Each structure stands twice: as structure tokens, then as C-alpha cells.
Protein chains: 2
Amino acid sequence: MASVFPLADLKASVKSDSRPGSRTDSWVDTIIKGDCVSALEALPSHSVDIIFADPPYNLQLGGTLHRPDQSLVDAVDDEWDQFASFEAYDAFTRAWLLACRRVLKPTGSIWVIGSYHNIFRVGATLQDLNFWILNDIIWRKTNPMPNFKGRRFQNAHETMIWASPSAKAKGYTFNYDALKAANEDVQMRSDWLFPICNGSERLKGEDGKKAHPTQKPEALLARVIMASTKPGDIVLDPFFGSGTTGAVAKRLGRHFVGIEREQDYIDAAAARIAAVEPLGKAELTVMTGKKAEVRVAFNVLVESGLIKPGQVLTDAKRRYSAIVRADGTVASGGEAGSIHRLGAKVQGLDACNGWTFWHFEDGQSLRPIDDLRSVIRSDLAKAE
Amino acid sequence: MASVFPLADLKASVKSDSRPGSRTDSWVDTIIKGDCVSALEALPSHSVDIIFADPPYNLQLGGTLHRPDQSLVDAVDDEWDQFASFEAYDAFTRAWLLACRRVLKPTGSIWVIGSYHNIFRVGATLQDLNFWILNDIIWRKTNPMPNFKGRRFQNAHETMIWASPSAKAKGYTFNYDALKAANEDVQMRSDWLFPICNGSERLKGEDGKKAHPTQKPEALLARVIMASTKPGDIVLDPFFGSGTTGAVAKRLGRHFVGIEREQDYIDAAAARIAAVEPLGKAELTVMTGKKAEVRVAFNVLVESGLIKPGQVLTDAKRRYSAIVRADGTVASGGEAGSIHRLGAKVQGLDACNGWTFWHFEDGQSLRPIDDLRSVIRSDLAKAE
DNA sequence: CGAATGATTGAATCGCCCT
DNA sequence: AAGGGCGATTCAATCATTC
């Protein structure tokens, strides 16, 4: 059974920060010491918003290998042994992913990072467990380790899988508009370029050696968290290690939960996170697009007098026209309906966004009726 | 049982070319018509040098997809890409990979290309069958299809796995020095940049429509073949399709064997290959890929810490100011957006280059944020 | 004839809310 | 739970057409 590691200083520093939603649950903003699966089983169901997992990939690290029937594996180049070790890794993967799924909200999503040693097994297991892959993301390293022997290509990337808990779970957070605005106004691609973690960001022990062998760069976690969470969300990392996930989550106004077995890593991560200063609310505001705007129905424009019954609307090229009726529908050549239905109908399409399709005369020029909706919206905003 | 498709013209053109090693085997430089596994079983053991496989991806598409302009996306919904379940796909994968392994020389290697829909299953099956993964290679597309609904990252890459037939098989060909020399004297990385196959390279039917839905670019195959084969080697492609593998192999002085079920694809591939002129010995230099423009988005500055959330930017004359947010957008007086959009908005213009418009405080002076981009660029340039 | 503009297209697991 | 209405959503490159 896992025990909650209290981290009094950490909690204190967390409680005083600006993160929305006061979290009084004892396990939030803590590092839980213990085995990944049993620690996960001690958490409530459907309680975290995203999971970022950086699982181990080499099961043959020292020690002897046992088959599932407990017999000792005596030769590593035996075909059956290879198979057995993959099976063991798959069983491990299955166990922690199942435990993660129970803890994850239906509106949540999971990220797993790995290399070619393990990511194919992880991906296949995710699919077997009916997780629904949203993207695979390539972290391209600016400064990867060279291939010393010159027998292969330089291994210059790692792979992340982003998945929702099921094919039907479409409520996951994806801050599409913010990512696009931040990316030169084009949508963010599946290949990301970041340096590996080194220099002052890299945690060092007292001996000056790196504190953790696979510390991930904070910039990578920042993009993951900014892309797929909202401020105040809870980010779980079942393989916490040096605590990059927690440090970035705290800085970005998200809550974290870490699970880690080794006390040395817990100590390093706790000290690291305690030193993080969370950002303020204004800095953490996420840009949203039209999808997040309040709905304004077309008849509101008619009722408010911005559009008058009897007024004629046309498309931008004046190929089609329609007359506005007092009930907020529009009519054209015997057909009538919503601005969307009629727009679709006159063009012979299945669908149409009437707000951008229909235009009204404004002096010499034509302007989309969407402009008038913005007027309504800014009025509504002022009334708040 | 598969039947060898003779292709007399093709053989003739092949025999007259400059490829070393006269191949008199009837199956060399032909397209075999038939099911992949039975055709493979008809070939001699340990007879081919590399295999390039582009298996069905098992896309699981929902309904139809429309672009924002309401045009229909021509999806890959062919019968050959439909599988009843993951189990069925795994069984299929296992069968053709086992058949491939028998045909592959111990000194050979295999390449498999796929997307997140299938590549994890392929990779896990390769490992289960004791293939030894040498690299996973990312094909970054310069011009991928966008994500039309804004619900995910743009799917901008595909993944290739390169593997030898066993962990002990170290005799595979890897032209390390040639690749390095062709890559400005640095090691070739695991992420490659190529455009998708388009324009005149794309095979069209008599109706002007694409002859094959998933034709791969020749440049991609050229790098694969130049990296992992020697002149005169035999390249097998068990999912021949439009014959890109054969065309590139012939052009590069390698022999090919294709397996394909559909006569239409065979006809198109045969005509295509017959028209290929093999290169002379001196011309067989390694193809270099497209050099990426080093494109740095504003969020990279924020993620890397060069610009901090909360920091204030102004124009050169301090008439306008904006605050940087953690999501990589900037905000000013209720408005928010990309550095470009907001710069335009505050000035009342249609467009604005945010990189030169917005400045940050550097001691006593103001400097354009473009200066910080050059700092990042010199780091990132290493990966391009 | 060249430049500017518009149309087409590519391996795609592509919406959300209310009734 | 299924169905219907609202209304949001695209990047790079190749061709075709117009100026």
C-alpha cells in the first residue's frame, strides 16, 4: 500500500499560490511514495484531468529474469526468453495503464513518452485497452546524443502518444486556438523541436552528477500542459522522477500528483517544486476562439433592430439573396429556414455557416452578419 | 498460389541497364501478382537484401469529412484497408512479417512504414518475432493535410521502423559515411523532411484522378535504399502499390521484386518502372532531403524562458503595450491573439509583423523580439 | 507572356448541445 | 440513447484561369 508523502512545505507553498479551485484533497499537490499501480489504486476514480507518464523501458536492468511461471531465465539470447521479457513488460504496461484509466476523468487525456524500445508496446497496449489515440507527437531533439559506432542513424527524437480514455470520450481539453495563435497563426503540428534538458535546468546531486537519468525538458511539459489542460486542472505523473511535471504544472497554475518509488528522487523533486513560483491569473488566461463565445441566435439581431424584417441579405458575391422575416428566419425563392439551412440550400451543400455566408449592405460595401453578432457580444460583455 | 507476372518489357529494360550482377532468377525485377503471404512463400529463402513494406494502415474512419469550404475529403476507404479488429490486423501483420523473415537474408534488413493507427502494432509484432529494431525514422511532411476540425494537432508525419532479422544479425548494410557526407558532414538523424508525393510525380489514371491513394515520394525511398543497400542488391516490396520502390530501386541500380494483388496497380507500376532510366555508377550519390527553413514561433520563446509570461512588450515608441501570456499569445486592453494579430489590431491595420513591431526591455534600451528569435535559431538550426 | 487570383487536393481514426 | 440543429473549421503546393 502506498503512503501519502506529506511534504508540508510543498503544500504550504501550494496553498498560497494563485491556482484556481482550492484543493483540499490530501493527495493533491503531493508526491505519493510507492509502487505506481498500488498508489494509483489508492486514488479516487475519475479524479485527474490529464496524466503524463514517462515509464521505464528497460526491464532487463540488472537482476535476473523470471518467466511467468517463476522459472529462472538462464540465457538472454534464447528466443523464449526474449518473448517472456516482452510479455512481462506488456503485463506491467497493462497494469499501470488500467490503473491510470480508472483515475482519469472521462473528459481527460493521457500522454505517454517513450523511445522505440518501448513505445510500440505501449501504443499497442493503449489500443488493446480501448484508449483512443488522438495523436502521436514527435519530440525532435536539437542536441541528441550522437551514434558513436556509426552503425545506425542518430537517434534524434522520442515519441509521445496522446490518447483519450475511449473512442467516445470527446470532451478532452485541446486549446487549439491558443496553440495556433502562438504558432505564427498556423495550427500546431505533430513534430515538436526542443533541446534536451541540460545546463542549469538539469538537476544535479551533491556529487555534481545528474540527479535523474532521463529528466525531461520543462519546455516539453509546458507545451503538453498548455495544450491539453485548463488552469486549475490536476496533472498526474505516475513515474514522477525528478518532478518536471510537477514543477511545470505548478508554474502554469495547474495542480499535480506525483507517484515515485525512490526517496532520492522524491527529495529532489520536492525541493525543486517548492522553489517554483506560480504565474498569476492574467498570464495564465488561455486564448479561446469562437467555439467558446456565448451563443447569439440570429433572431436576437432582428429583435434588437440591428437587422430589420424585410431587409435583404446576400452572399459576398451577390449571387444569392434572401429576405429577413420577423421570426428570425430567412426566405429565398420559396425556400425558408435558418440562416444556416437556407445558406446550405441555396448553394446545394449539406452545411453552411450562415453567419459568415450572409452579408448586409453597409454603405458601399457588404459586411458579413457575423460583424453584427460581435456588436451584440460586446454589449453583452459590458453588461457583465 | 501466386503466379509470377512476367512483364516481358520490364525484364528487357532491366536486363539492359547498368545494374551489377546479372539476375537470371525469374522472379527478380518482376511484379508478382497475388496475395502477399502466398507470394512470399513462393520465393526462395534468404534471397533478398532488404524489404520495404507499406502495409495497410487500418485507418478507422468515422463518417465523411468536409473541409471548411465544405468540399469532401477523399479518404482512404479502400477495401484492402479494412480489418475486423486489432486481433485480425495483428494476425495479418504476423503472417506477412514471418513470411518476410524467411525470404530476407541474414545480412538484410526490413523497413516498415505506418502511422499511429498501425505502427505500434507493427513495431510490437516485429519485436515479438525477434526482429531487432535499429531505428525508428520519422518522415516529417513539409505539406501534410491539415486538421480541419481543430480538435487535434496536425498529423504531420509518418513513422518507419528499420530492423534487422535478429539481435545477432549485425551484417546489415548501412552506408554511414555516404549519408554523413551527403548531410553536410554530420550524422544523418532519425527525422527526415520530405514533401508528400504530389504534382507530376503522382501517378494519375486516365480520369486524371490519383492512380493509388497512398503513393509514397521517391525521395523517401531513395534515402532508404541508398542508406541500407549496395548497388545490385535485391529490394523486395510486399505491398507494391504504385511501384515507387521498384522505380527508385531501378533508378539507383538495385533489383526489385514487387508483390501486389490488384491488376490496376500492377499495370500502373509496370509502365512506370519501364520508363525509368537507371543512373550510371558515378551518379549514385546519396540523395539529400529538403533543408528546412528554421521557423521559430513565438511560443518557443515563451516555452524556453527567453520571454516570460507576464512580461510587457511595447512598440519601438512605447505607444502600445501588451502582456505576454503563458499560452504564447499576447493581450492588450481586452484584446488577445498572436503577436501579429494583436500588433495589427492595436494599430488598426490589417496585418503586422509582430517580430519587428513588439519590443522588450533590455537594460536601458528596447530591442525587437526578433533579436531573441535569432538566439533560438542558432540553437535550432542544428537540427535542421 | 507574366503576374495575380482562384480552385483543387493530400493515409484523417476530425463537434457539441439540447431534446 | 439517438437525432437534429447550430455553426465552427485548413496548410502547402500544384494547376487552371484571369488580368
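Just so we're clear, the structure is a prediction, and the values are computed from it rather than from any experiment. The basis for the numbers below is simple: all heavy atoms, side chains too, and nothing from hydrogens, waters or symmetry mates.
We find that CZ of B/Arg67 is positioned 15 Å from P of C/dG15, with the value rounded to whole Å. For the pair A/Ile376 CD1 and D/dG7 P, the interatomic distance rounds to 13 Å; values are reported in whole Å. If you measure from atom CD1 of A/Ile369 to atom P of D/dG7, you get 10 Å, rounded to the nearest angstrom. To the nearest angstrom, C1' of C/dA12 lies 8 Å from CZ of B/Phe148. Going from atom CG of B/Leu72 over to atom P of C/dT9 covers 10 Å, rounded to whole Å. Rounded to whole Å, the distance from CG on B/Asp207 to P on C/dT9 is 11 Å. For B/Arg151 and C/dC14, the CZ to C1' distance is 9 Å, given to the nearest whole Å.
In DNA chain D, the stems built from three or more successive Watson-Crick or G-U pairs (distances below 3.5 Å) are C:2-10 with D:11-19, C:15-19 with D:2-6.
Comparing C/dT9, C/dA11, D/dG7 against the side chain of B/Lys209 picks out C/dT9 as the nearest. The side chain of B/Lys149 lies closest to D/dA8 when the candidates are D/dA8, C/dA11, C/dA12. With C/dG10, D/dA13, C/dG15 as the candidates, the nucleotide lying closest to the side chain of B/Thr142 is D/dA13.
A heavy atom closer than 4.0 Å to some atom of DNA chain D occurs in A/Tyr176, A/Asp177, these being the qualifying members of residues 163-178 of chain A.
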Which letters describe nucleotides 1-6 of chain D, given B = protein heavy atom under 4.0 Å from base, S = only from sugar-phosphate, - = neither?
-----B
Under a 4.0 Å heavy-atom criterion, the protein footprint on nucleotides 14-19 of chain D, written with B, S and -, is SS----
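Using a distance-only test at 3.5 Å, with no hydrogens or angles considered, no donor-acceptor pair links the side chain of B/Lys141 to the main chain of B/Trp139. Of the possible donor and acceptor atoms, one in the side chain of A/Asn135 sits under 3.5 Å from a partner among the backbone N and O of B/Phe153.
Legend: side chain to side chain donor-acceptor pair (under 3.5 Å) pairs involving residues 193-203 of chain B, not counting sequence neighbours: none detected.
When the ring-ring contact (aromatic ring centres under 6.0 Å, His included) test is applied to B/Phe240, the partners found at least two apart in sequence or on another chain are B/Phe256. For the ring-ring contact (aromatic ring centres under 6.0 Å, His included) test, no residue two or more places apart in sequence or in another chain qualifies with A/Tyr176. Residues forming a ring-ring contact (aromatic ring centres under 6.0 Å, His included) with B/Tyr57 (at least two apart in sequence, or on another chain): none. Here A/Phe360 pairs with nothing under the ring-ring contact (aromatic ring centres under 6.0 Å, His included) rule; sequence neighbours left out.
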Write out a two-atom table: protein N or O, nucleotide N or O from nucleotides 2-8 of chain C, distance below 3.5 Å.
none

What pairs of donor and acceptor atoms, side-chain ones from residues 203-210 of chain B against any protein atom, are under 3.5 angstrom apart with sequence neighbours left out?
{"residue": "B/Lys204", "atom": "NZ", "partner": "B/Gly199", "partner atom": "O", "Å": "3.4"}
{"residue": "B/Asp207", "atom": "OD1", "partner": "B/Lys209", "partner atom": "N", "Å": "3.0"}
{"residue": "B/Lys210", "atom": "NZ", "partner": "B/Asp74", "partner atom": "OD2", "Å": "3.3"}

Listed pairs under 3.5 Å, donor-acceptor, residues 286-298 of chain A side chains, sequence neighbours left out:
{"residue": "A/Lys290", "atom": "NZ", "partner": "A/Asp370", "partner atom": "OD2", "Å": "2.6"}
{"residue": "A/Lys291", "atom": "NZ", "partner": "B/Lys149", "partner atom": "O", "Å": "3.1"}

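In this pair, B/Phe92 and B/Tyr89 present their aromatic rings tilted. The plane angle is within the 30 to 60° band.
Using C1' as the reference atom, C/dC1 and D/dT17 are 15 Å apart when rounded to the nearest Å.
Summarising the local packing, CZ of B/Arg152 is surrounded by more than 12 heavy atoms from other residues, nucleotides or ligands at distances under 6.0 Å.
Taking only distance into account, the side chain of B/Lys141 never meets the base of C/dA11 through a donor-acceptor pair shorter than 3.5 Å.
With respect to the salt-bridge test (charged N to carboxylate O, under 4.0 angstrom), the residues B/Arg121 and A/Asp128 qualify.
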